[in-house]
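A short worksheet on the structure shown next.
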There are 2 protein chains.
Amino acid sequence: MTSPRSPLARPFPLLPQIAGVTPHVARAGYKAWERTDLTFITLDPGTSVAGVLTQSKCPSPEVEWCRAALVLGQARAIVVNAGNANAFTGARGRAAVEVIAARAAGQLGCQPSDIFVASTGVIGVPLPIDKAEAGLDAAFSAAPCSWEEATNTIGTTDTFAKAAMTTAVVDGRTVTLVGIIKGSGMIAPDMATMLGFIFTDAAVEPAFLQAALSEANRASFSCITVDSDTSTSDSVLAFATGKAGNTPLSDAEDAGADAFRAALSDLCLQLAHLVVRDGEGATKFIEIAVTGAESDASARTIALSIANSPLVKTAIAGEDANWGRVVMAVGKAGEPAERDSLAIRFGDTQVAQGGLAVVGYDEAPVAAHLKGQDIEIGVDIGLGEGSATVWTCDLTHGYISINADYRS
Amino acid sequence: MTSPRSPLARPFPLLPQIAGVTPHVARAGYKAWERTDLTFITLDPGTSVAGVLTQSKCPSPEVEWCRAALVLGQARAIVVNAGNANAFTGARGRAAVEVIAARAAGQLGCQPSDIFVASTGVIGVPLPIDKAEAGLDAAFSAAPCSWEEATNTIGTTDTFAKAAMTTAVVDGRTVTLVGIIKGSGMIAPDMATMLGFIFTDAAVEPAFLQAALSEANRASFSCITVDSDTSTSDSVLAFATGKAGNTPLSDAEDAGADAFRAALSDLCLQLAHLVVRDGEGATKFIEIAVTGAESDASARTIALSIANSPLVKTAIAGEDANWGRVVMAVGKAGEPAERDSLAIRFGDTQVAQGGLAVVGYDEAPVAAHLKGQDIEIGVDIGLGEGSATVWTCDLTHGYISINADYRS
């Protein structure tokens, strides 16, 4: 964490403990960092798990391991290595994951398939197995740590520790959800992005937890982008320990199921927004709402075309009311759009309607809006009922500085 | 042209006159530039025309005008306005194009549909009709200018004048082709990109000229990207005056047809490469060759995923041999790929094969290659016979500087 703290950073929230969840950290020494880099969060027996993983065709062995383990739906720990993604490392990388799972399972007295593993950092360098083993032993024997320590330990180029919480009433009992997340660059929506871990004391059957997480993901992690680049290692895992003592949720019709799904969606959206707020080099948090498209999917494609446009992102970085670049990004999206019915709004100010600038267009309120940190762009396509909202950040010199010498 | 000259710039070539083509320039005063900004190239009667135009759903009225006029296949002039794209300007923008075509047609004694029009610059501001008319009159009465003056006059954020020439022997006669082009940002391949104008003294029927231009475009302009952003105004038009006196080419079987097609393809590739060399902020010219994909289309999608990745482009800007970012970009492309059969080459050095770094990988030759100006990345997917080559530039602080305050 050598970059300056994002100007969009949020303070670390007060987070409660989650019964059945015990975080530990240690220093494995994957990089020459003077900080902890291995997180080992143990989970009591009976914990359900669900996950959404990168759709990359070149996934890390960690992603493949989690995909296989998710089928069983049970978890006893999550191990996170920071500083080395262990992706594209062939048989050695796969062996590293197997060794980590076996060693943690031995410590906890469970099956290796109960251990979830995630790694983040440079691609193409095998994770050193001896460091991982020594780090795991150190973490296992260390005292439990705070959420903030665990969150800092999973970070790489992150400039602030990102976490959120929420509650829901299920079956007459208040259940609590806590999420921690890392990610700042190589952030683009393809099911899941970055590494995120969600813990709840609610009792939830794995299949229902998976359905709720997938639904929450669609409107949160799948609707953010920092740089259009999708990681090989993206993983969001949700763990439910059941310690709240509610009747386990297994169906959308169960009492409290709606409250739990809403709480999980809220938590995922909070976490997704925090990732955008730590977008590499970000100085503006940008919400792009597209309405009037032929379908929701079409609206999302158009919204992401705007959110990923370097010219839109640099215009906002420069606080330049250059709304013509939004027109360009709508035009290139490849989705149905009708130039002469297009309308564009910046903040509360309508700038264009019916295919041209509004009559008497006054740039002053738009310029004032662009000077703020939270930017809203609204685009109405004028064709149908489809809508989508996505979030991104601006593209600045900071992004170039961070990424032209990240590895070196 | 206020940005520093691109370090990848090429000197302006020696270009012959093309019989039947007469360039003029004038200062319409669209911006407060101390330079000419209106180009008026007249063409003798009997000139054929073909074109490829942006696929944007929000095209400029100039693009719509050209699309309609191309159906007739005949041209007497091309008028280019620089400093104002006239896109997304509603009825006023359409009226401006009609006035320009009518006035030029009046000067030349032809039909308005014989006049082609292109405009480039800021989007959303109607082109001032009075300035266009006065500029057109001034250009018409001005002495003919050089190719270099015309090329400078069509430019906006371009840092050097870009043009190329080639010849072919058709029907026993040497025909000459000259092309001029502008473009530096908002460059991404979607049929045509930027504004390019090609002139030849060959006699070519419009339908065959169109077929040859479309074919040449697929492997040239459609294979370059600077920033993944596709303009509302992209147009490449080819004009054939017939003054060389060859039997008009009308069919791929005609004598000399192959030579003409090859020459046109060569010219388009030269021009496309020049645009990449003037990519906003560019310091490296990057060729990305993908082989072994399931199809040529799949190879092109993968190659463009690499070429448009901000993380790949910043790594090259930083001369960082971070080939894991190429793996990432292959993985996110959404095309068939098999991680464990992937091979990656930088310059002549194989860096990865079979899903991991090569045995004994030595970064030194890769680092040396990255210090050069011309970078080659080769990716073999290992699945089939599909291949594609695309060209791009790196992403630097220069791009941010140019685009965070382009309009202001």
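As a basis for the values below, the full set of heavy atoms in this structure was taken, side chains included, without hydrogen atoms, waters or symmetry mates.
The contact between B:Ser309 and chain A is made by backbone and side chain atoms together, counting heavy-atom distances below 4.5 Å. Heavy atoms closer than 4.5 Å to chain A are found in the side chain of B:Glu64, but not in its backbone. Neither the backbone nor the side chain of B:Pro126 comes within less than 4.5 Å of any heavy atom of chain A. Contacts of B:Ala337 with chain A are made by both backbone and side-chain atoms, with heavy-atom separations under 4.5 Å.
How far CD1 of A:Ile400 is from CD1 of B:Ile400: 4.0 Å, rounded to the nearest 0.5 Å. One finds the NE2 atom of A:His397 at 9.0 Å from the OG1 atom of B:Thr396 (value rounded to the nearest 0.5 Å). Annotation: the span from B:Ile123 atom CD1 to A:Met328 atom CE amounts to 6.5 Å, rounded to 0.5 Å. Expressed to the nearest 0.5 Å, how far CD1 of B:Ile402 lies from CG of A:Leu311 amounts to 10.5 Å.
For chain B, the option among A:Ile316, A:Val330, A:Leu342 with the highest count of heavy-atom pairs below 4.5 Å is A:Leu342. Among A:Ala317, A:Gly90, A:Ala85, A:Gly93, the residue making the largest number of heavy-atom pairs under 4.5 Å with chain B is A:Gly90.
Considering every non-hydrogen atom in both B:Val327 and A:Cys58, the closest pair reads CG1-CB, 3.7 Å. The heavy-atom pair separating A:Asn403 from B:Thr314 by the smallest distance is CB-OG1, 3.2 Å.
Between the side chain of A:Arg339 and the backbone N or O of B:Phe88, no donor-acceptor pair lies under 3.5 Å.
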